[in-house]
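Remember, it's a predicted structure, so these values are computed and weren't measured experimentally. Computation of the quantities below employed the complete heavy-atom set of this structure, encompassing side-chain atoms and omitting hydrogens, waters and symmetry-equivalent molecules.
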2 protein chains.
Amino acid sequence: MPPAATEPLTPERILETTEEVLRRYGPTKATVVDVARALGVSHGSVYRHFPSKAALREAVTDRWLGRTVGRLEEIAAAPAQPAPAKLEAWLEALFEAKRHKAGDDPELFATYGVLLAENSGVVEAHLEQLVAQLGRIIGEGVAAGSLAAADVPAAARAVFDATGRFHDPQYAAEWRSPTIVAEFEAVTALVVRGLRA
Amino acid sequence: MPPAATEPLTPERILETTEEVLRRYGPTKATVVDVARALGVSHGSVYRHFPSKAALREAVTDRWLGRTVGRLEEIAAAPAQPAPAKLEAWLEALFEAKRHKAGDDPELFATYGVLLAENSGVVEAHLEQLVAQLGRIIGEGVAAGSLAAADVPAAARAVFDATGRFHDPQYAAEWRSPTIVAEFEAVTALVVRGLRA
DNA sequence: CCGATGACAGATTTCAATATCTGTCAGTCC
DNA sequence: GGACTGACAGATATTGAAATCTGTCATCGG
């Protein structure tokens, strides 16, 4: 990894390199010194752009999570699909996204887990975004008469909580079980049925 | 804690003392030597009755979990209560039991968490008992026409999975949140509605 | 005999010394 | 003058040696 000394040091470049370093070493081994070395600068320079290691970790994870939220947003915003089907599609996409992140990008997934344990605001914001998307889908369904919910935000939260086993990183180890898809479908069916008008 | 050297050494007496020792020191600090000392015998004698420390831990946890299962069984077996109400009562009793165990008996609760992490058969059996009780309640409801489920065991498992946030020890820290009861009620209502005929 | 013991080997844990890391900042260099 | 450096203090992590623990078993005492 030869240092590319000539380019200017920007937050963006730092984030990209930090992501690589996290991917290579994982959240427990990666250090700010490693990131600085990969960038060919002193670690003091990194602190000029990010106030702490935690802030750096959060910024990387935020970007990483943002990519998934974008894809889910497309499903939530898709026009002219009945709300119950959209809800199922969205939940399945969420499960698939988390499962693939856990499998394909284990070190960044572990970083996400660290932030969760730290009660980082980034993760909280991410979860709120997801619940808000759910709320919009459910709201649509209620407006169209295909779903019933007295309190839409509370219903969205309840759906999110009830499906936690399929998106909460604490359960990542179980996502390799051969029965997990059947379990996911059973819970999803139960929850969607519970919302039907 | 004076050693009572005269009484005969029985598995029952070992279990009682082990429970005390676990409660006092917690699963990470308690040793077989501690148990033997509390009993006034050598640790070799303990191994005459239990083949390993893990077996001892499991036996104690099994007893401890069994007490809860017994109380839940009473609810599940209660005659002449409509299945939906019984289901709600059972889920609430499960949540309350786990919550109180986590709060009042933190060290034994931590022991339970250790077994969970070890994939101990005892915990698996405990969970299966609980799901079986759920299955009986749902089966009753289906027979009486108040609930609908194509596959009763699968529905029972789905209800158990969907309410995991309120009985899985991984979430114990969140059970102190002031909003947890509202969240529990929302998920329970959603799930029970999803099963209604 | 039969339950109990305690010495033992190998595994695990503890602890303190050492090394590394995080975050700061006075000073350097372009 | 503003981006960058590198030395530094305090916090955290690593390491390896010593202590403790688990599980076994030859032996003891009633």
*Asks:* Locate the shortest heavy-atom distance separating A:Asp34 from A:Arg37; write the atom from each residue and the value.
*Replies:* OD1-NH2, 2.8 Å

*Asks:* Where the side chain of B:Thr31 is concerned, which of D:dT22, D:dT5, C:dC21 is the nearest nucleotide?
*Replies:*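 The nucleotide sitting nearest to the side chain is D:dT22.
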
*Asks:* Only one of B:Tyr112, B:Phe160, B:Trp90, B:Trp175 forms a ring-ring contact (aromatic ring centres under 6.0 Å, His included) with B:His167, so which one is it?
*Replies:*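 The ring-ring contact (aromatic ring centres under 6.0 Å, His included) with B:His167 is passed solely by B:Phe160 among B:Tyr112, B:Phe160, B:Trp90, B:Trp175.
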
*Asks:* Calculate the interatomic distance between A:Leu9 atom CG and D:dT5 atom C1'; express it in whole Å.
*Replies:*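 So the two atoms are 13 Å apart, to the nearest Å.
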
*Asks:* May I ask you to list the residues of residues 42-53 of chain B, by number, that have any heavy atom positioned under 4.0 Å from an atom of DNA chain D?
*Replies:*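 Correct list: B:His43, B:Tyr47, B:Ser52, B:Lys53.
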
*Asks:* Of B:Val35, B:Thr111, B:Leu108, which is the lone residue that meets side chain to side chain contact (heavy atoms under 4.5 Å, CB included) with B:Glu19?
*Replies:*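 Answer to the side chain to side chain contact (heavy atoms under 4.5 Å, CB included) test with B:Glu19 among B:Val35, B:Thr111, B:Leu108: B:Leu108.
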
*Asks:* Over 60° means perpendicular and under 30° means parallel, so classify the ring planes of A:Phe184 and A:Phe166, tilted if in between.
*Replies:* perpendicular

*Asks:* Rounded to whole angstrom units, what separation is found between the CG atom of A:Asp34 and the C1' atom of C:dT20?
*Replies:* 11 Å

*Asks:* Between B:Lys101 and B:Thr68, which heavy-atom pair has the shortest distance, and what is it?
*Replies:*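 The pair with the smallest heavy-atom distance is CE-OG1, 2.6 Å.
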
*Asks:* Below 4.0 angstrom from OP1 or OP2 of C:dT20, is there any side-chain N or O of A:Lys29?
*Replies:*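 For A:Lys29, the contact criterion (side-chain N or O under 4.0 Å from OP1 or OP2 of C:dT20) is not met.
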
*Asks:* Would B:Glu107 and B:Lys29 satisfy salt bridge (Lys or Arg N to Asp or Glu O under 4.0 Å), going step by step from the backbone distance to the final call?
*Replies:* CA-CA 10 Å; B:Glu107 299 297 7; B:Lys29 292 285 179 191; over 6 Å; no

*Asks:* Roughly, in whole Å, what's the span from OH in B:Tyr25 to P in D:dC21?
*Replies:*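 That distance rounds to 11 Å.
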
*Asks:* To the nearest Å, give me how far apart CD1 (A:Ile14) and P (D:dC4) are.
*Replies:*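 Taking atom P of D:dC4 as the reference, CD1 of A:Ile14 is at 9 Å.
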
